[in-house]
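Below is one structure, written out as structure tokens, with a few remarks after it.
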Amino acid sequence: EALLDLSLESKSKGAKSALRRDLLDTILNDKKNLVNDIFNIEPYFKASTHFWFSIYTQYTSQQVVIHDKENLDLVYNVMDFEPLHQSSINRFAKSKLQADLALEHANRVKKALSGLHQAPGNLCSEEKAVLSSIKKSSVKIPANSEKKAALFKKLASRLRTQTGQRDMVFNGVLRSLPYQHFLDEQFDNFNLPRELLAVAFVESSFNLKAQSYAGASGVWQFMPRTAASFMPERNKHIDYRANPVISSLAALHLLKQNKLILKRWDLAVPAYNFGTSHLVKARRTLKGEVTLAKVLENYSHDNVGFASKNYYSEFLAMAYALAYKDLIYPLSGYQKKNQKFKKDNIGVYVTKCRLRPKTFFNLLKNSSHGIKELNAHFRRWSPTFGRNKIVVSDVNLTHRKYRRISNKELLKHYPKYLYKLARDSSCNSGR
């Protein structure tokens, strides 16, 4: 019961703020001009983007935000479970207890909402707190008693909980540091804005081992069907989605393709999550200039739910968080510590000869300490693979056995078709 009454006290609805208000203003208004102008936060996305920015930068995974699904500036409470996580019970029990208690508190808020139809003088303290939260948001309370009761009923049905992600994003930033030079180089090579890296953080917090229940995998959370269009065939021995270098190249091709189809980044980015078909249909249906805000206001489809509606706001929030990551997260000292690879020499190669990963790793373990991680797409190390497999290395590989792929070739070919570039080369040949 004591844990249910724990909430963080601050003027910003419970945020355990790691950022000063002046710094928040600097970041969200991009006063240092670190974010491309094409990703300015438009008024339609302001409240939702600010909400997700707080999730990524203010709240940790030990805090749960209770909020409204439609109006993200309506936050009822923030549960702080830090005391729970300092206890000696195992982490699985902590996770389960946090989820159960958050749900119980959400039900209390829902119950309070159902009691708001009473006269103000009859409200209990919890009902008054909920009413105060509503009045501070953009939600307008009608004067008519029937409409007022209908509103509170609707709000009760739209209640949602969201766990904070500050620590998860921070860990993702650390995981991404060794790949940063390669990623920056490829964004420039593809002539794509570097802010698009935020997609990988929205998808997985740049978690190299991320797996979803739906079957998505890797940093960019490629579903099997989409991966099959951009990456070589996967099987029980090899899955290129697990390789952050190769899957990043595939993601850049996909994002570039989305932009060519949809013409605008505010459409191309959410299309990464739920495809281009609905957005193409929306563009044909709506008249005039079709922006994402116009689509969300005027086009409805059963497949466009909370996640789809919030994807672009999540992306914007993450893009701003990454642009200002040095001011937000304690990164001092990590740049050197986390540099596992020779950052300016990560190369993509196609094998000319048969390859046994275990032998390949043993040969390079002294010169490349991160060679195994760079080739995480090999699920099994013992089998011998045929030629024309993709490998990644931060040390130069011999021309006799490997064909290094140039940036021009990476831009021209999907990873799926890189094998063709070494097809005419023989093993032990310098061609």
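In this text, all values refer to a predicted model and were calculated from it rather than measured experimentally.
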Given Leu255 and Phe190, is the side-chain contact (heavy atoms from CB on, under 4.5 Å) satisfied, shown in steps? CA-CA 10 Å; Leu255 287 163; Phe190 279 70; over 6 Å; no
Does the pair [X]/[Y] count as a salt bridge with the N-to-O cut at 4.0 Å?
X	Y	value
Arg264	Glu289	yes
Asp100	Lys96	yes
Asp188	Arg194	yes
Arg403	Glu409	yes

Give the ring-plane orientation class for Phe378 versus Phe361, where under 30° counts as parallel, over 60° as perpendicular and anything between as tilted. perpendicular
Parallel, tilted or perpendicular, as decided by the 30° and 60° cut-offs, for the rings of Phe39 and Trp265: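 If you compare the ring of Trp265 with that of Phe39, the planes turn out tilted.
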Is it the case that atom [atom1] in [X] sees more than 12 heavy atoms from other parts of the structure closer than 6.0 Å?
X	atom1	value
Gln86	CD	yes
Asp22	CG	yes
Gln118	CD	yes
Lys256	NZ	yes

Within the side chain of [X], is there an N or O that forms a donor-acceptor pair under 3.5 Å with the backbone of [Y]?
X	Y	answer
Ser95	Arg91	no
Tyr272	Trp220	yes
Ser133	Ala129	yes
Asn171	Met168	no
Asn345	Asp394	yes
Lys416	Ala228	yes
Lys209	Val219	no
Thr49	Lys46	no
Arg160	Lys69	no

Which atom of [X] lies closest to which atom of [Y], heavy atoms considered:
X	Y	value
Ala321	Ile328	O-CD1, 3.6 Å
Leu267	Leu279	O-CD1, 3.3 Å
Leu113	Leu159	CD1-CD1, 4.3 Å
Phe45	Leu296	CE2-CD1, 4.0 Å
Met318	Phe201	CG-CB, 3.5 Å
Pro142	Leu151	CD-CD2, 3.6 Å

Do the non-hydrogen side-chain atoms of [X] and [Y] ever get within less than 4.5 Å of each other?
X	Y	result
Lys343	Gln180	no
Asn310	Leu72	yes
Ile246	Val392	yes
Tyr59	Asp80	no
Pro224	Arg234	yes
Thr161	Leu103	no
Val169	Thr57	no
Pro193	Ile38	yes

Between Asp25 and Lys31, does the salt bridge (charged side-chain N to carboxylate O under 4.0 Å, His left out) criterion hold? Intermediate values first, please. CA-CA 8 Å; Asp25 180 60; Lys31 291 186 176 180; 2.4 Å; yes
Check whether the side chains of [X] and [Y] place a donor and an acceptor atom closer than 3.5 Å, and report yes or no.
X	Y	value
His237	Arg379	no
Asn71	Ser137	no
Asp30	Tyr324	yes
Asn375	Asn243	no
Tyr311	Glu203	yes
Ser204	Gln221	no
Glu185	Asn407	yes
Glu104	Asn107	no
Thr60	Asp167	no
His105	Asn77	yes

Tyr312 vs Glu42, side-chain hydrogen bond (donor to acceptor under 3.5 Å, both in side chains): CA-CA, chis, key distance, verdict: CA-CA 11 Å; Tyr312 190 64; Glu42 300 297 333; over 6 Å; no
Under the criterion side-chain contact (heavy atoms from CB on, under 4.5 Å), which of Leu131, Val130, Leu123 is the partner of Glu127? Leu123
Qualifying residue, where the test is side-chain contact (heavy atoms from CB on, under 4.5 Å) with Thr163 and the options are Gln63, Met79, Gln62, Gln98: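 Only one of Gln63, Met79, Gln62, Gln98 forms a side-chain contact (heavy atoms from CB on, under 4.5 Å) with Thr163, namely Gln98.
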Any residue meeting salt bridge (Lys or Arg N to Asp or Glu O under 4.0 Å) with Asp344, in chain and number order, not counting sequence neighbours: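 Per chain and number, Asp344 pairs via salt bridge (Lys or Arg N to Asp or Glu O under 4.0 Å) with no residue.
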Taking the ring centre of each residue, are Phe341 and Tyr179 less than 6.0 Å apart?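 Judged by ring-centre distance (under 6.0 Å), Phe341 and Tyr179 do meet the cut-off.
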In this structure, is the centre-to-centre distance between the rings of Phe152 and His117 below 6.0 Å?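 Centroid separation for His117 and Phe152: 6.0 Å or greater.
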Going through the distances and angles, do His253 and Tyr414 end up as a ring pair (Phe, Tyr, Trp, His ring centres under 6.0 Å)? CA-CA 7 Å; His253 278 289; Tyr414 292 172; 4.9 Å; yes
Could you go through Leu374 and Ser393, starting from their C-alpha distance and side-chain angles, then the distance that decides it, and tell me whether this counts as side-chain contact (heavy atoms from CB on, under 4.5 Å)? CA-CA 7 Å; Leu374 283 170; Ser393 176; 5.6 Å; no
Could you walk me through whether Lys365 and Phe360 pass the side-chain contact (heavy atoms from CB on, under 4.5 Å) test, one step at a time? CA-CA 9 Å; Lys365 64 182 180 181; Phe360 177 68; over 6 Å; no
Might you work through the side-chain contact (heavy atoms from CB on, under 4.5 Å) test for Tyr44 and Lys294, ending with a clear yes or no? CA-CA 9 Å; Tyr44 181 87; Lys294 189 172 184 178; over 6 Å; no
Yes or no on ring pair (Phe, Tyr, Trp, His ring centres under 6.0 Å) for Phe53 and Tyr320, after CA distance, side-chain angles and deciding distance? CA-CA 8 Å; Phe53 185 83; Tyr320 279 71; 7.6 Å; no
